[in-house]
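Working notes for the structure below.
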Protein chains: 2
Amino acid sequence: MKKSVQDSNTIASSMDEATAHTIEHFIEKMGLIAQADGLPRIAGRILAVLVIYDEPHSFTDLTEKLAVSRGSISTNTRLLVNLGLIERSTKKGERQDYFVLRENPYTSLMQGIEARTQEARALLKATKSDLPDVLEGAQTRLSQMLDFYNKFSEAVKSLT
Amino acid sequence: MKKSVQDSNTIASSMDEATAHTIEHFIEKMGLIAQADGLPRIAGRILAVLVIYDEPHSFTDLTEKLAVSRGSISTNTRLLVNLGLIERSTKKGERQDYFVLRENPYTSLMQGIEARTQEARALLKATKSDLPDVLEGAQTRLSQMLDFYNKFSEAVKSLT
DNA sequence: CATATTGTTCAGTATAAACTAAACAATATG
DNA sequence: CATATTGTTTAGTTTATACTGAACAATATG
């Protein structure tokens, strides 16, 4: 078996104690942030690993570094790839897939958010046009909400 | 027992069939949108009711209109109040609390989002300063991520 | 061909969250 | 005071999701 980028047990020994702790903490916190954003905790942790380390990480690197099952790595790397945050890469003479952070990871994230607001806007427009004008209050409040989503959408688009 | 704003069984009969259906659909979709945003489905549905109807809705109005338990209404109205989306109101001679949509519901929502990004920014800053400069790649990627969150924060703030 | 490696899928389990129903405290009403 | 109303809280249930571990297919290697 090929030696992986770095064995999880040897991380700490190859760097400053405090640094190792900082990294560990960052990885766990990113898991929680991911969770708060509605993503699996593991997805956030994988992302954190790829933010910290320069080297592309293989499937097995990740299972060892994060101590989770291959199934989870498979599922969550695919998720992150779909979100446009990471991408697969390969090395010649190696069968394994490697993962690295994408160049501009966050723009595509924004596109995902944009798509979601688009759904809300569609619903609001449809509801407005389906409801009779006599429901003035409802029409007004729907307009306000739609107006907000429109502005939000613009703001998000300006970030990409 | 006081007659409530409108009995759920009589909604349809007092308005156009198509209109009733549109409202029903809007309420359910709002539940799903709330869910996608990490909120309980019921919170979205309560919000939808208050968007559609002019009248302040009591606790019991909501339980009847949405066919959910009082416990859920209690929990979720409190949640929506804390998010700044709705507010309690009262009527003289009435013991019940009533709920209405706030005047500008969405700005305070944004403030909540802002607070969440603030956490991420704090983590990124702390991690950057705790990690040694020799970890150039990590420093760069952390900066990029922080940069993104900074811009996002600005964009969100511009909406309020 | 037999064995090993790699990634995916899926059944089952664990965990977390939503929701209900009932108990409860506080207040009002008669 | 007894009873009813109102909102909150909490125990228990349901439901959804994350995660594991093992089976699997595909491919490589000897």
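Here is the naming used below: chain letters follow the sequence lines, and residue numbers restart at 1 for every chain.
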Using whole Å, what does the distance between atom [atom2] of nucleotide [N] and atom [atom1] of [X] come to?
X: B:Ile46; N: D:dG7; atom1: CD1; atom2: P; result: 13 Å
X: B:Phe59; N: D:dT6; atom1: CZ; atom2: P; result: 11 Å
X: B:Arg41; N: C:dC19; atom1: CZ; atom2: C1'; result: 10 Å
X: A:Leu79; N: C:dT8; atom1: CG; atom2: C1'; result: 15 Å

Query - A:Thr19 vs B:Leu131 side-chain heavy atoms within contact, under 4.5 Å - result: yes
Report task. Pick base, sugar-phosphate or nothing for A:Arg70, based on heavy-atom distances below 4.0 Å to the nucleic acid. Result -> base
Query raised in the report: Using a cut-off of 4.0 Å on non-hydrogen atoms, how would the nucleic acid contact of A:Ile42 be classed: base, sugar-phosphate, or nothing?
Result: sugar-phosphate
Query raised in the report: What heavy-atom pair brings B:Ser89 and B:Pro56 nearest, and what distance separates the two atoms?
Result: OG-CB, 4.1 Å
Query raised in the report: Taking all non-hydrogen atoms of both residues, which atom of A:Asp54 and which atom of B:Ala138 are closest, and how far apart?
Result: OD1-N, 4.0 Å
Query raised in the report: Between A:Glu154 and A:Lys157, is there a salt bridge with N-O shorter than 4.0 Å?
Result: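 So A:Lys157 pairs with A:Glu154 through a salt bridge.
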Report task. Can you label the angle between the A:Phe59 ring and the A:Phe99 ring as parallel, tilted or perpendicular, going by 30° and 60°? Result ->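 It falls in the tilted class, 30° to 60°.
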Out of [options], which nucleotide sits closest to the side chain of [X]?
X: B:Gln96; options: C:dT9, D:dG7, D:dT8; value: D:dG7
X: A:Ser72; options: D:dG7, D:dC19, C:dT8; value: D:dC19
X: B:Asp97; options: C:dC19, C:dT9, D:dG7; value: D:dG7
X: A:Arg88; options: D:dT8, C:dT8, D:dT20; value: C:dT8
X: A:Thr75; options: C:dG7, D:dT8, C:dT9; value: C:dT9

Report summary line: Letter by letter from the 5' end, nucleotides 25-30 of chain D scores (B base, S sugar-phosphate only, - none; protein heavy atoms under 4.0 Å) --BS--
Requested in this report: State whether the side chain of A:Gln139 and the backbone N or O of A:Val134 hold a donor-acceptor pair below 3.5 Å, judged by distance alone.
Outcome: no
Report task. Would you sketch DNA chain D in dot-bracket for me? Only Watson-Crick or G-U wobble pairs with both distances under 3.5 Å count, crossing pairs as [ ], other-strand pairs as |, the rest as dots. Result -> ||||||||||||||||||||||||||||||
Query raised in the report: Does NZ or CZ of B:Lys65 fall inside the cone over B:Tyr53's six-membered ring, less than 6.0 Å from its centre and within 45° of the axis?
Result: yes
Query raised in the report: Below 4.0 angstrom from OP1 or OP2 of D:dC19, is there any side-chain N or O of A:Ser69?
Result: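 No, outside the criterion.
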